[in-house]
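To keep things clear, I will list the structure first and then write my remarks on it.
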Amino acid sequence: MPEVANYHQELSNRISPIVEKLIKGNSLYQVKLNQQVMIEMLVELFGQLSQQEMRAITDHELTRRIDKILVLEAVSGTLNDLTPEQIKMYDEAVKRK
């Protein structure tokens with residue numbers, strides 16, 4: 001069990017600064033995302049990879065993957081924020097295409 005805790009700490013140490021930098025640089029992330037919740041979710045997600053797999057991912061590639069996940073998290077549920085009138089307009093626009 002201690003090796004699992006150590007691995008999660010290693011993941012957290014690697015993921016946290018990336019998430020912090022990405023959120024600081026994106027106003028949508030700042031509005032829509034909770035930094036600590038995202039870090040915890042990403043540590044859990046990347047924790048499914050083995051230590052060897054995780055260590056093989058470059059920082060650049062890890063940043064790219066995390067950014068894509070943050071985009072998805074930030075925009076998911078966006079339609080739920082619309083008023084009924086906005087949803088109607090959206091539906092009509094989609095039908096025209």
Side-chain angles (χ1 to χ4, degrees):
M1 226 34 181
E3 56 276 346
V4 172
N6 289 339
Y7 181 48
H8 273 68
Q9 187 59 49
E10 179 183 332
L11 286 172
S12 183
N13 291 344
R14 189 166 177 207
I15 290 170
S16 294
I18 294 171
V19 171
E20 183 177 342
K21 180 180 176 187
L22 289 171
I23 289 178
K24 271 188 181 173
N26 188 311
S27 59
L28 175 65
Y29 295 168
Q30 292 170 16
V31 171
K32 293 284 192 174
L33 303 176
N34 177 302
Q35 183 173 318
Q36 191 57 43
V37 170
M38 290 298 100
I39 291 169
E40 291 169 9
M41 182 268 296
L42 290 164
V43 166
E44 192 66 32
L45 180 67
F46 285 107
Q48 296 176 22
L49 299 175
S50 72
Q51 289 180 326
Q52 294 79 11
E53 291 171 319
M54 190 61 196
R55 289 179 181 145
I57 300 172
T58 66
D59 285 344
H60 175 74
E61 177 63 17
L62 183 60
T63 300
R64 189 183 70 76
R65 291 181 187 191
I66 289 173
D67 193 34
K68 287 184 176 196
I69 293 168
L70 293 181
V71 167
L72 183 61
E73 287 292 324
V75 298
S76 67
T78 299
L79 291 177
N80 295 335
D81 296 338
L82 299 178
T83 66
E85 294 82 23
Q86 291 171 323
I87 292 173
K88 184 178 178 184
M89 289 171 50
Y90 173 80
D91 287 342
E92 289 172 3
V94 170
K95 285 179 190 175
R96 282 184 250 143
K97 293 186 178 204

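These values consider heavy atoms only, across backbone and side chains, with no hydrogens, waters or symmetry-generated copies.
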Find out if a path of hydrophobic residues (ILVMFWY) with successive side-chain heavy-atom gaps under 4.5 Å connects [X] to [Y].
| X | Y | answer |
| --- | --- | --- |
| Leu62 | Leu49 | yes |
| Leu33 | Leu45 | yes |
| Val71 | Ile15 | yes |
| Tyr29 | Val37 | yes |

Any chance you could measure [X], atom [atom1], to [Y], atom [atom2], to the nearest 0.5 Å?
| X | Y | atom1 | atom2 | value |
| --- | --- | --- | --- | --- |
| Met89 | Glu85 | CE | CD | 9.5 Å |
| Leu22 | Met38 | CG | CE | 12.5 Å |
| His60 | Thr58 | NE2 | OG1 | 6.5 Å |
| Leu72 | Asp67 | CG | CG | 11.5 Å |

Indicate yes or no for a side-chain donor-acceptor contact from [X] to the backbone of [Y] under 3.5 Å, with no hydrogens or angles considered.
| X | Y | answer |
| --- | --- | --- |
| Ser12 | His8 | no |
| Tyr7 | Ser50 | yes |
| Ser16 | Asn13 | no |
| Arg14 | Met54 | yes |

Quick one: does Lys32's side chain get under 4.5 Å of Glu73's, heavy atoms only?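 Answer no - side chains too far apart.
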Can you find a pair of side-chain heavy atoms, one from Met41 and one from Ile69, that are under 4.5 Å apart?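 Met41 reaches Ile69 side chain to side chain.
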Asn26 versus Leu28, closest heavy-atom pair with distance: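 Smallest interatomic distance, heavy atoms only, reads OD1-N, 2.9 Å.
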Pair Glu61 + Arg64, salt bridge at N-O below 4.0 Å: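 The answer is yes: the pair qualifies as a salt bridge.
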Passing option when Leu42 is tested against Val19, Ile18, Leu11 for side-chain contact (heavy atoms from CB on, under 4.5 Å):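 For Leu42, the side-chain contact (heavy atoms from CB on, under 4.5 Å) test succeeds with only one of Val19, Ile18, Leu11, which is Val19.
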Is it the case that more than 12 heavy atoms not belonging to Gln30 sit under 6.0 Å from its CD atom?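 Check passes, neighbour count above 12.
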